[in-house]
There are 2 protein chains.
Amino acid sequence: MTQEPARVPARRPTLRDVALLAGVSTKTASRVVNGEGGVAAAKVAAVQQAVAKLDYRPNFTASSLRRLNGRTAAIAALLEDVANPFSSALHRALEDVARDRGVMILAGSVDEDPERERALVHAFTTRQADALVVVPASESQRYLAGEVNAGTPVVFVDRPPVGVDVDAVLVDNHAGAAEAVHHLVAHGHRRVAYLGDLLSIATARQRFQGFKEALSDHGIRPSPEHIVHDLHTEGDAERAALRLLAGEAPPTALFTAQNLVTIGAVRALRELGRHHEVALVGFDDFPLADLLQPPVTVVAQDPSAMGRLAAGLVFRRLDGEHWTPTVHFVPTRLVVRGSGEIPGPALSPPARPGRSG
Amino acid sequence: MTQEPARVPARRPTLRDVALLAGVSTKTASRVVNGEGGVAAAKVAAVQQAVAKLDYRPNFTASSLRRLNGRTAAIAALLEDVANPFSSALHRALEDVARDRGVMILAGSVDEDPERERALVHAFTTRQADALVVVPASESQRYLAGEVNAGTPVVFVDRPPVGVDVDAVLVDNHAGAAEAVHHLVAHGHRRVAYLGDLLSIATARQRFQGFKEALSDHGIRPSPEHIVHDLHTEGDAERAALRLLAGEAPPTALFTAQNLVTIGAVRALRELGRHHEVALVGFDDFPLADLLQPPVTVVAQDPSAMGRLAAGLVFRRLDGEHWTPTVHFVPTRLVVRGSGEIPGPALSPPARPGRSG
DNA sequence: CATGCGCTCGACAACGATGTCAAGATGTAA
DNA sequence: TTACATCTTGACATCGTTGTCGAGCGCATG
């Protein structure tokens with residue numbers, strides 16, 4: 001219980017300090033700290049005492065500089081936004097797998113900004129991340145070629161790589177969207193609207209394709225007014241849905257191709273009091289979807305599974321395994337909850353069954 | 001467009017390679033890379049060309065090892081769980097402030113596990129994080145004294161430090177909980193139940209104190225069966241709420257002291273079909289609370305504001321400012337949405353208005 | 001012409017740690 | 001006793017980079 005507040009911040013002790021105090025060489029101190037063995041018991045004890053007394057903590061960055069493989073035991077994750085549920089679930093899954101191996105995750109938010117993506121890659125690679133897990137926002141990731149050639153494992157998640165040949169963990173967005181549309185059509189809908197994210201995002205394009213082709217499988221051609229792209233926030237989506245539903249010949253069902261868009265659409269339907277009339281299927285699940293009125297039917301992705309798979313690929317590469325880059329698909333799952341089963345005109349135009357929303 | 005896939009991973013180029021190619025010394029190359037000036041234009045150009053040709057990227061960990069202040073431009077965040085909304089909003093706010101300064105965030109999930117907390121602190125400090133932002137789970141953080149003495153800025157968020165004297169950004173949990181209770185009592189409730197998180201968490205204890213004292217201000221003594229602690233998951237909370245509401249003389253209002261607990265309680269009320277009868281105020285806001293039926297009244301914290309404030313403190317310390325550690329309070333805000341305004345018996349016992357759930 | 005200044009530039013050491021290697025101590029077998 | 005293997009140990013170089021410092025040059029000044 002010393003009183004003086006150590007005004008001059010004590011320099012952090014180094015291995016040299018430990019060695020000096022223990023009366024051994026730095027190399028021997030290093031051996032003890034790393035449990036290398038081949039050190040006399042008496043010296044081991046002396047070093048351990050010195051470590052405890054000085055509260056010594058090895059400088060991991062210095063040691064990884066010298067070590068043979070140069071690993072920093074950190075892998076970088078470029079996420080869309082650490083605060084959105086999809087990204088943070090992915091982040092958590094990566095962390096869980098990495099934790100078992102004593103590896104840290106460096107995470108950053110790309111915010112759909114290609115420049116930001118490059119800045120983050122630069123920041124992470126200069127910090128010698130051992131591997132990169134990327135949810136890309138740019139149109140081409142050719143700039144990663146150098147890293148890939150240098151042997152850094154790179155895994156893309158959610159969106160396919162362009163201009164580089166690396167592993168990817170993707171969702172079959174096309175099939176998922178098509179399943180949503182088939183579901184709506186099966187419930188009697190013909191006028192199905194599409195509300196989607198930025199067309200610059202590959203997954204948005206794929207989902208839109210799936211939407212279009214599924215409708216066309218049923219011989220339906222969506223009216224152009226029922227297709228809205230480039231919605232990236234709840235507010236965007238809400239306004240777009242309001243506009244859509246206020247038009248003439250409004251859609252009887254909505255397919256919303258991203259979770260924030262889905263939530264915006266729910267808001268719009270609520271405001272209009274039509275949430276029990278207009279069917280809705282969203283792509284991507286979100287917390288509390290089951291507690292809304294009606295509960296929201298979604299095509300669920302499994303970000304945790306994607307994260308675990310991506311982390312697995314990273315570690316297998318880090319462990320020295322070799323294979324040609326592969327695309328892995330994680331299945332989507334249609335979660336039927338209510339909003340997608342609201343019947344459309346083609347199913348029950350004359351008489352509705354007794355139960356109402 | 002070479003065909004061979006560079007089977008032997010090319011060693012990453014170093015400053016020496018750049019210098020060699022440019023025909024200058026490593027020191028001059030370093031000067032150019034760091035924009036130090038005092039280098040002839042011709043050599044600057046030569047170095048820049050070499051950098052471009054080799055796709056050279058400086059090894060940031062090596063340079064921070066040598067640099068005078070030894071800063072790594074990374075600050076560590078020990079969060080409860082990177083995937084929960086409170087933590088990830090905090091994370092994002094930290095990142096936003098740090099980004100402007102070219103600083104990274106190292107985040108890790110503590111999961112309310114004191115051992116994990118120490119492991120993370122160890123991992124982050126051995127990696128030479130410049131500062132620590134901590135949402136602690138342990139009972140005492142005396143073990144951080146060494147770091148603090150070494151001059152590492154440490155800021156606690158959401159929970160007060162114990163055993164170390166550092167800055168903290170807290171919420172007045174006591175007052176927030178009391179406000180919730182006053183609100184419920186004002187709406188006619190006398191039998192108010194408490195459903196709360198692990199008592200090992202300081203904020204849970206404070207919220208419970210606030211609950212108890214606010215009730216006692218109104219001359220109400222809560223029945224012991226109406227107090228449930230140590231609920232840490234939605235499932236826990238749901239089961240507890242079901243049990244509570246099935247008992248005799250069940251509460252007419254619930255105060256749920258954490259967001260997952262609130263959601264669990266909502267689930268229980270739904271299952272019983274009593275969500276329009278039993279009032280509910282939760283501590284901590286959550287996404288879509290406004291879209292539930294009824295919308296959930298909460299005492300909202302502002303994790304973004306807390307993160308920004310914490311990051312601000314960190315950077316002021318890193319910039320060399322000095323002050324004695326201080327506790328900063330970020331106000332809570334009662335967000336009135338509906339569930340907390342369901343009238344209780346003391347307000348309208350005889351005749352209810354017509355509308356029913 | 002000698003002097004001094006300012007500008008470039010590179011040799012060298014150092015950051016904190018570990019890989020390499022050989023020296024010395026000890027034990028064992030012939 | 002000698003020869004040889006084994007175990008400990010530390011001196012030294014090194015990882016990739018930057019801080020220090022002084023050498024060399026050209027130029028203006030007196």
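Just so it is clear, the structure is predicted and the values come from calculations on it, not from any experiment. Just so we're on the same page: letters track the sequence lines, and every chain starts at 1.
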key: Under the salt bridge (Lys or Arg N to Asp or Glu O under 4.0 Å) test, residues paired with A:Asp167 that sit two or more places apart   = A:Arg317
query = What pairs with B:Val103 under side-chain contact (heavy atoms from CB on, under 4.5 Å), at least two apart in sequence or on another chain?
reply = B:Ala73, B:Ile75, B:Ala98, B:Arg101, B:Phe315
ask   = Does anything in residues 16-27 of chain A pair up under salt bridge (Lys or Arg N to Asp or Glu O under 4.0 Å), and if so which pairs, sequence neighbours excluded?
value = A:Arg11-A:Asp17
inquiry  = What is the first contacted nucleotide of DNA chain D and what is the last, in 5' to 3' order, if contact means an atom lying under 4.0 angstrom from a heavy atom of chain A?
reply    = D:dT8 to D:dG16
With sequence neighbours excluded, residues passing salt bridge (Lys or Arg N to Asp or Glu O under 4.0 Å) with A:Arg308 = none
task = Output every pair passing side chain to side chain donor-acceptor pair (under 3.5 Å) with a member in residues 127-137 of chain A, not counting sequence neighbours, ordered by first then second residue.
result = A:Thr72-A:Asp130
key: Where protein sits on nucleotides 6-15 of chain C, one letter per nucleotide: B base, S sugar-phosphate only, - none, heavy atoms under 4.0 Å   = --SBBB-BBB
Show me the donor-acceptor pairs within less than 3.5 Å that the side chains of residues 29-55 of chain B make with the rest of the protein, sequence neighbours left out.
from, atom 1, to, atom 2, distance (Å)
B:Ser30, OG, B:Asn34, ND2, 3.4
B:Asn34, ND2, B:Ser30, O, 3.0

ask   = Taking CD from A:Glu36 and P from C:dT18, how many angstroms apart are they, rounded to a whole number?
value = 8 Å
task = Mind checking side-chain contact (heavy atoms from CB on, under 4.5 Å) for A:Arg66 and listing every partner two or more places apart, or none if nothing turns up?
result = none
ask   = If we fit an axis to the first five pairs and another to the last five of the helix from C:dC1-D:dG30 to C:dA30-D:dT1, what angle do they make, to the nearest 10°?
value = 60°
ask   = In whole angstroms, how far is the P atom of C:dA17 from the CG atom of A:Asn69?
value = 18 Å
note = Sequence neighbours excluded, the answer for salt bridge (Lys or Arg N to Asp or Glu O under 4.0 Å) partners of A:Glu117 is none
Nearest non-hydrogen partners of A:Leu120 and A:Ser109, listed with the distance = CD1-O, 3.5 Å
inquiry  = Under the rule for salt bridge (Lys or Arg N to Asp or Glu O under 4.0 Å), what residues qualify as partners of B:Asp111, not counting sequence neighbours?
reply    = A:Arg92, A:Arg99
A:Ser30 vs C:dT18: side-chain N/O to OP1/OP2 distance below 4.0 Å = yes
